[in-house]
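Report on one structure; see the data block that follows.
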Amino acid sequence: MTAALRTTGLTAGYGDVAVVHDLDLEVHPGEIVALMGANGAGKTTALLTAAGALRPLGGDLEVLGTADPREDLRDRAARGLALLTDDRSVFRSLTTRENLRLGRGPMDLALAAFPELERLLDRPAGLLSGGEQQMLGLGRVLAARPKLLLADELSLGLAPIVVHRLLAAVRELADSGCAVLLVEQQVRLVLDVADRGYVLQRGRVALAGTGDELRRNRADIERSYLSVT
Ligand code: ATP
C-alpha cells in the first residue's frame with residue numbers, strides 16, 4: 001500500500017541547525033502512528049516539516065503521493081493534509097461557530113463528532129475550556145475529512161477522560177481511511193490507540209515497533225527514553 005506520509009533520511013531543523021537526523025518514517029491510510037519522545041527530542045520539528053510549515057534540510061519527504069520540497073502547508077492542506085498544532089489551532093477571539101465555518105468541512109460533521117460544541121456555538125473560543133477547545137480544533141479537522149492528519153500533543157493539559165474521548169474520535173477517523181501521525185509525550189495514552197510507533201531520542205529514532213510491541217515495552221520506553229533528552 002502507498003504510504004500517505006513517507007520520510008526517507010529526513011533531516012529537519014532551523015536555519016542550518018539540524019535537530020532531526022536521518023528520519024525514516026511511514027504512515028499508511030487507516031493507521032494511527034505515534035511519534036513519542038522527551039521534551040526537545042524533535043517531534044514537533046518532524047511534524048511541522050512533514051506538514052510543510054518548515055522546509056526539510058535534507059532527505060526525502062513524500063506526502064499524499066507527492067514529493068515536492070517546494071510545497072508549503074497551504075498546498076498540502078488543499079490536497080488533504082490537516083495539521084493540529086499544540087495551541088489547538090483555534091482562533092480565540094472568534095466564536096465556536098465562526099471557527100467551525102472557517103474549516104474546510106460542514107459544521108454538522110463537527111457537531112456530530114462532538115455534540116457538546118452545540119451549546120458553545122456563540123461563545124468566543126478563548127473562553128472555552130482546554131478540552132472544549134481541543135474538541136473544536138479536532139471537530140473542525142474531522143469535518144474536513146482529511147486523508148492525512150498530523151496532530152501535536154492532543155493531550156496537553158487535558159484530563160485523561162477528555163483525552164480518551166479525543167483519541168476515540170481520531171480512531172474513528174483512521175478507521176475511515178485517514179492516515180494519522182500523533183506526536184505525544186504521554187506514551188501511556190497514545191499507545192492505547194496506536195497501531196505503530198516511533199520513539200525519538202535527540203532527533204533520531206531510538207525505537208520503532210507495532211502498537212503491541214511498544215505496549216509490552218511501555219515501562220521501559222518511559223524509563224529509558226522519556227526522562228531526559
Ligand atoms: P516538545 O515536546 O518540547 O515540543 P519536541 O520533541 O517536539 O519537544 P522540538 O520542539 O521539535 O522537540 O524541538 C527540538 C529541538 O529544536 C529543541 O532543541 C528545540 O530547542 C529546538 N527548536 C525548537 N523550535 C525551534 C526554533 N523555532 N528555532 C530554533 N530551535 C528550535
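Note that ligands are numbered from 1 as they come in the structure, with each ligand's atoms numbered from 1 the same way. None of the values given here were measured: they were computed from a predicted structure.
Glu71 and Thr66 share no side-chain donor-acceptor pair at under 3.5 Å. Side chains of Asp152 and Thr44: a donor on one and an acceptor on the other come within 3.5 Å.
Ligand-side atoms of ligand 1 in range of Glu153: 2 (O), range being under 4.0 angstrom from any heavy atom. Listed by number with element, the atoms of ligand 1 under 4.0 Å from a non-hydrogen atom of Ala38 are 6 (O). Interface atoms of ligand 1 facing Thr45, defined by a heavy-atom separation under 4.0 Å, are 9 (P), 11 (O), 13 (O), 14 (C). Ligand-side atoms of ligand 1 in range of Ala41: 5 (P), 6 (O), 12 (O), range being under 4.0 angstrom from any heavy atom.
Looking from atom 16 (O) of ligand 1 to the surrounding protein, the closest heavy atom is Val19 CG1, 3.5 Å. The nearest heavy-atom contact from the protein to atom 30 (N) of ligand 1 is Tyr14 CD1, 3.4 Å. In terms of protein heavy-atom proximity, atom 4 (O) of ligand 1 is nearest to Thr44 OG1, 3.3 Å. The protein atom (non-hydrogen) at minimum distance from atom 2 (O) of ligand 1 is Gln185 NE2, 3.1 Å.
Protein heavy atoms are absent from the space less than 4.0 angstrom from atom 20 (O) of ligand 1.
Counting non-hydrogen atoms of neighbouring residues, nucleotides and ligands closer than 6.0 angstrom, the CZ atom of Arg215 exceeds 12 such neighbours.
For Asn39, heavy-atom contacts with ligand 1 shorter than 4.0 Å involve the backbone as well as the side chain. With a 4.0 Å heavy-atom cut-off, ligand 1 is reached by no atom of Ala46.
Judged by distance alone, with hydrogens and angles left aside, the side-chain atoms of Arg76 form a donor-acceptor pair with the main-chain N or O of Ala50 at under 3.5 Å. Remark: the backbone N or O of Leu64 is paired with a side-chain donor or acceptor of Arg79 at under 3.5 angstrom. Under a 3.5 Å cut-off, the side chain of Glu132 and the backbone N or O of Ser129 do form a donor-acceptor pair. Put simply, the side chain of Glu184 gets close to the backbone of Leu154: a donor and an acceptor are under 3.5 Å apart. Remark: side-chain polar atoms of Tyr198 are paired, donor with acceptor, to backbone N or O of Glu26 under 3.5 angstrom.
Nearest-residue assignment for atom 14 (C) of ligand 1 (options Gly13, Ala12, Gly40; heavy-atom criterion): Gly40.
Under a 4.0 Å heavy-atom criterion, Gly42 is in contact with ligand 1.
Leu128 and Leu84 fall within the same hydrophobic cluster, defined by Ile, Leu, Val, Met, Phe, Trp and Tyr side-chain heavy atoms under 4.5 Å apart, directly or through other members.
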